Amino acid sequence: LGKNVILYFYPKDNTPGCTIEGKEFTQLKSAFDKKNAVILGVSKQGVESHQRFCKTYDFTIDLLADTEGKLHDVIGITSRSTVLVDERGIVKKIWTNVSPRDHAASVLQSIA
């Protein structure tokens, strides 16, 4: 609570689309910060995979390891998707079947 939260669910570290998405969220991180927003990437890979992925591409965003898929299941994620939760903890928008290119900019524009 108290921050906008962007949970972007992506299929796999080090794949072309996931790399594009991670780079774009990283490039826009300061703009998200100005809107009091935290960016959290989520996939089913483990922590070590995420650490290598972040190091390879200099990501400054946080990645969560949902290795058992519990968060995916609770939210009902079955494809590349993004969830925007506002400062009060209310889900404001859900994007499904996301195309990675320019998605981060679209999410940024959706934050009030």
Side-chain angles (χ1 to χ4, degrees):
L1 293 176
K3 289 200 176 270
N4 294 295
V5 177
I6 293 89
L7 289 169
Y8 82 91
F9 292 82
Y10 66 97
K12 192 172 180 182
D13 295 340
N14 291 304
T15 57
C18 300
T19 300
I20 288 168
E21 201 168 20
K23 284 180 175 181
E24 290 185 1
F25 274 111
T26 293
Q27 288 170 347
L28 293 173
K29 186 178 182 306
S30 63
F32 279 99
D33 289 344
K34 289 177 184 172
K35 290 196 173 194
N36 195 33
V38 175
I39 304 162
L40 300 170
V42 185
S43 80
K44 295 180 181 178
Q45 278 69 55
V47 172
E48 290 179 8
S49 178
H50 287 345
Q51 288 173 336
R52 286 189 303 270
F53 190 35
C54 287
K55 185 176 180 180
T56 299
Y57 296 101
D58 297 319
F59 291 166
T60 57
I61 55 175
D62 293 317
L63 302 181
L64 304 179
D66 186 27
T67 57
E68 295 180 19
K70 290 181 181 181
L71 185 57
H72 283 74
D73 292 344
V74 166
I75 298 176
I77 301 298
T78 58
S79 63
R80 183 186 308 271
S81 301
T82 300
V83 179
L84 170 60
V85 181
D86 75 8
E87 296 165 332
R88 295 170 292 152
I90 298 170
V91 174
K92 298 305 279 186
K93 187 165 184 170
I94 299 174
W95 293 261
T96 58
N97 299 312
V98 168
S99 176
R101 187 150 327 270
D102 298 322
H103 177 61
S106 175
V107 174
L108 181 64
Q109 290 176 348
S110 296
I111 300 172

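Just so you know, residue 1 is the first one in the sequence shown, and it goes up from there. Only a predicted model underlies this, so the values are computations on that prediction, with no experimental measurement involved.
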State the CD1-CG distance between I39 and L7, to the nearest 0.5 angstrom.
->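 It is 11.0 Å, given to the nearest 0.5 Å.
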
Enter the distance from L28:CG to S30:OG here, rounded to the nearest 0.5 Å.
-> 7.5 Å

Show me the donor-acceptor pairs, under 3.5 Å and distance only, between side chains in residues 74-95 and residues at least two apart or in other chains.
unit_1: S79; atom_1: OG; unit_2: N97; atom_2: N; d: 3.4
unit_1: S79; atom_1: OG; unit_2: N97; atom_2: OD1; d: 3.0
unit_1: R80; atom_1: NH1; unit_2: E21; atom_2: OE1; d: 2.8
unit_1: S81; atom_1: OG; unit_2: S79; atom_2: O; d: 2.9
unit_1: T82; atom_1: OG1; unit_2: H103; atom_2: NE2; d: 2.7
unit_1: D86; atom_1: OD1; unit_2: R88; atom_2: N; d: 2.9
unit_1: D86; atom_1: OD1; unit_2: G89; atom_2: N; d: 3.1
unit_1: D86; atom_1: OD1; unit_2: I90; atom_2: N; d: 3.0
unit_1: D86; atom_1: OD2; unit_2: R88; atom_2: NH2; d: 3.0
unit_1: E87; atom_1: OE2; unit_2: N36; atom_2: ND2; d: 2.8

Heavy atoms, side chains only, cut-off 4.5 Å: are [X] and [Y] in contact?
{"X": "V98", "Y": "Y8", "answer": "no"}
{"X": "Y57", "Y": "N14", "answer": "yes"}
{"X": "S49", "Y": "K12", "answer": "no"}

Residues pairing under salt bridge (Lys or Arg N to Asp or Glu O under 4.0 Å) where one sits in residues 46-58, two or more places apart or in two chains, turn out to be none

Could you name each residue pair satisfying salt bridge (Lys or Arg N to Asp or Glu O under 4.0 Å) that touches residues 25-36, not counting sequence neighbours?
-> K29-D33

Y10, L71: one ILVMFWY side-chain cluster at the under-4.5 Å cut-off?
->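 Different clusters: Y10 never reaches L71 through Ile, Leu, Val, Met, Phe, Trp or Tyr contacts under 4.5 Å.
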
Answer with yes or no whether the hydrophobic clustering places F9 together with V5; edges join I, L, V, M, F, W, Y residues whose side-chain heavy atoms lie under 4.5 Å apart.
->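 Shared cluster, yes.
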
So which heavy atom on I61 is nearest to which on C54, and how close?
->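 Taking I61 first and C54 second, the nearest heavy atoms are O-SG, 4.2 Å.
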
Compare every heavy atom of P11 with every heavy atom of S43, then report the nearest pair and how far apart it is.
-> CB-O, 4.2 Å

Would you mind listing every side chain to side chain donor-acceptor pair (under 3.5 Å) that reaches into residues 60-73, with sequence neighbours excluded?
-> D66-H72, E68-K70

Can you name the ring pair (Phe, Tyr, Trp, His ring centres under 6.0 Å) partners of F32, sequence neighbours left out?
->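 Checked F32 against ring pair (Phe, Tyr, Trp, His ring centres under 6.0 Å); matches are F25.
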
Partners meeting side-chain hydrogen bond (donor to acceptor under 3.5 Å, both in side chains) with E24 (sequence neighbours left out) =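 Testing E24 for side-chain hydrogen bond (donor to acceptor under 3.5 Å, both in side chains), a comparison that skips the adjacent residues, returns none.
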
